[in-house]
Amino acid sequence: MLFGKRTRDISSRGLSWSNSESPLHLYIPAAEYLSESPIQFGQINPNTAPYHITPLHQDSTQPFPSFPPGFPPSSSPSVPLPFPMSHGTTTLAFMFQGGVIAAADTRSSCNGLVACPASQKILPVHSHLVGTTSGTSADCALWKRILARELRLYQLRHGRRLSTAGAAKLLAHMLHPFKGTELCVAATLCGWDRGANQQENRSKMGNETDDLAKTSESDSISQAEARGRNLCLSPAMSRQHCSAGGKQLVLSGPSLYYVCSDGTRLQGVLFSVGSGSPYAYSVLDGGVRWGLTVEEAISLAREAVYRATHRDAYSGNCVDVYHITSHGWTRRDREELREEYYREKESERVKVKERREKQEGVEDGQSSGRKK
Amino acid sequence: MALFDVSGYKSHAGLRGQILGTGVGHLVDRTNQEFAVPVGVDPSGFLKSCSREGGVSIDLNHGTTTLAFKFRHGVIVAVDSRASAGSYIASKEANKVIEINPYLLGTMSGSAADCQYWERLLAKECRLYKLRNKQRISVSAASKLLCNMMLGYRGMGLSMGSMIVGWDNKGPGLYYVDDNATRLSGRMFSTGCGSSYAYGVMDSGYREDMTVEEAYELGRRGITHATHRDAYSGGVVNLYHMQEDGWVKVCKEDVSELIHRYRKGMF
């Protein structure tokens with residue numbers, strides 16, 4: 001409804017300042033190369049790239065992709081990027097009965113240098129919506145602020161908060177004009193919607209679709225593989241689409257969307273973004289269930305980030321955990337993962353010592369028994 | 001060398017030939033080990049032209065997941081069984097563990113042809129070593145043999161990521177050998193493009209004093225979660241346990257059943 005009303009302004013975008021009454025009042029840089037040469041979407045024409053700005057602060061430069069090394073190129077012919085980029089971080093978010101948990105590390109890297117060991121990668125957008133950021137720090141911070149401004153304007157005009165789905169759609173559409181440029185934003189929006197219906201709707205939907213799980217899961221996995229992407233979508237995601245269909249728009253409760261500057265917008269129950277995401281995914285896959293308690297969920301998120309920072313060079317330092325409920329988001333104190341590492345090593349050492357003493361005690365008992 | 005000429009020293013190879021007779025060359029069968037590259041062919045140059053900077057992109061991927069870890073009661077080896085050719089699944093029950101002998105195992109990831117050939121060659125060398133020296137080859141020496149084979153062809157486009165697992169006089173042994181001739185000894189390794197998923201599970205579940213059943217479960221879980229997220233891994237989990245008196249094949253379970261079991265709460 002929102003976009004249908006304003007189509008006349010959308011058509012004029014990309015050229016100059018739009019009319020100030022449009023909610024998509026954005027400054028679109030009127031760079032010649034955006035309008036003149038027929039750049040195919042998703043690729044950058046290396047010949048006509050007048051922007052040679054070296055980014056001062058960027059989350060790691062490393063050859064794309066951020067998946068484990070050896071990930072094959074996608075089906076479109078690969079064109080060399082102006083400079084190599086990657087999402088050098090670990091962020092994750094998942095939904096459960098108690099709301100949404102979002103967790104991220106705090107290392108900002110710049111091509112091998114840790115530019116900031118205490119950066120904030122989870123940015124609150126409003127009281128009930130939080131966004132994790134991955135990609136270029138500057139781009140993420142700017143677009144989060146733009147999104148916060150647009151959501152606030154929506155709230156003032158319409159008297160209610162925009163849903164997470166709407167916010168995701170808004171962000172995806174705002175990033176669309178920059179498709180094919182060096183903009184790099186990969187965010188997961190975690191929020192709690194409060195619609196006309198109560199919160200029970202979403203958890204009820206989660207239970208009803210258990211039966212559909214077996215039949216639809218094989219379809220969803222083959223679809224995901226057919227797309228040639230090295231990322232297995234959560235089966236729950238397609239399940240929600242199959243069963244809910246049009247009903248989804250009026251649901252309220254926890255909600256999780258992944259938005260990427262190349263145009264991807266996905267709903268799901270579990271996402272992890274960044275170079276450390278494979279390590280986090282396997283830990284989360286083994287533990288995430290709808291019925292987790294809040295403490296279990298928080299400790300699982302911490303564990304996943306800890307394991308990812310242990311193996312990935314571009315993630316580390318500390319972990320931030322946010323928990324979003326119907327009352328809004330709450331932030332857990334930032335924790336140094338170095339302490340966690342030492343604690344784990346210490347408990348291992350204690351356990352080994354205890355077991356060794358126990359074994360020696362058993363052997364002494366045996367030998368004394370034999371003497372008799 | 002001038003000194004040799006003056007002193008009348010006969011070169012080593014000549015002496016050896018006199019003592020052992022012609023035909024028996026070196027301790028290691030060098031003649032059969034390498035195949036000569038045809039004159040004029042330059043594999044390294046060709047590969048450079050196939051790199052990303054040249055516009056073409058031929059990535060030699062290790063499309064699999066294999067893992068191995070040492071613990072109190074030996075070494076656990078777990079591999080998936082999917083062989084892919086691009087996006088086509090060539091086989092869903094490929095055998096990625098080569099049983100070199102009853103006390104040595106080798107895993108394979110990377111190009112199937114390279115792995116199979118070089119590891120069979122390694123098996124031949126291990127057998128010859130045992131016949132010549134009347135004792136088993138150590139895991140360290142076996143992995144070094146493989147590493148040196150890789151070094152001879154470095155930069156020419158081999159693709160192999162393998163773990164050599166065994167039990168010798170020094171106890172359980174686990175080495176990772178690469179097509180770059182990297183050779184690392186360690187406590188826990190995982191190779192292939194699904195390896196990062198397996199690392200997450202292994203790191204969080206590993207305890208040095210695990211029981212045997214717990215170790216089996218950890219190996220299975222590692223492969224299962226990796227096959228769940230990685231498109232290039234799948235099929236069945238082949239699980240081996242290297243003990244003091246040799247290896248045993250523990251199980252061969254389908255990953256789709258395993259993932260249902262582990263993620264019951266999610267469905």
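As a basis for the values below, the full set of heavy atoms in this structure was taken, side chains included, without hydrogen atoms, waters or symmetry mates. Naming: A, B, ... by sequence-line order, numbering from 1 per chain.
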Exercise. Does the side chain of B:L158 come within less than 4.5 Å of B:M160's, by heavy atoms?
Worked result: no

Problem set entry | Partner chain B: residue of A:G286, A:G287, A:A280 with the largest heavy-atom pair count (under 4.5 Å) | A:G286

Problem set entry | Where B:T107 and B:E119 come nearest, the two heavy atoms and their spacing | O-OE2, 2.8 Å

Exercise. If you count the non-hydrogen atoms of other residues, nucleotides and ligands that lie under 6.0 Å from NZ in A:K345, is the total more than 12?
Worked result: yes

Exercise. Can you say whether B:R221 sits under 4.5 Å from chain A via the side chain, the backbone, both, or neither, judging by heavy atoms?
Worked result: side chain

For this session: Return the minimal non-hydrogen interatomic distance between B:M242 and B:V165, and the atom names on each side.
Result: CE-O, 3.5 Å

For this session: Of all the heavy-atom pairs spanning B:R229 and B:Y197, show the shortest one and how long it is.
Result: CB-CE2, 3.5 Å

Exercise. Between B:I164 and B:G106, what is the shortest heavy-atom contact and its length?
Worked result: CD1-CA, 4.3 Å

Problem set entry | Residues of residues 299-308 of chain A within contact distance of chain B, non-hydrogen under 4.5 Å | A:E303, A:R307

Exercise. What do you reckon, is CG of B:N169 surrounded by more than 12 foreign heavy atoms closer than 6.0 Å?
Worked result: no

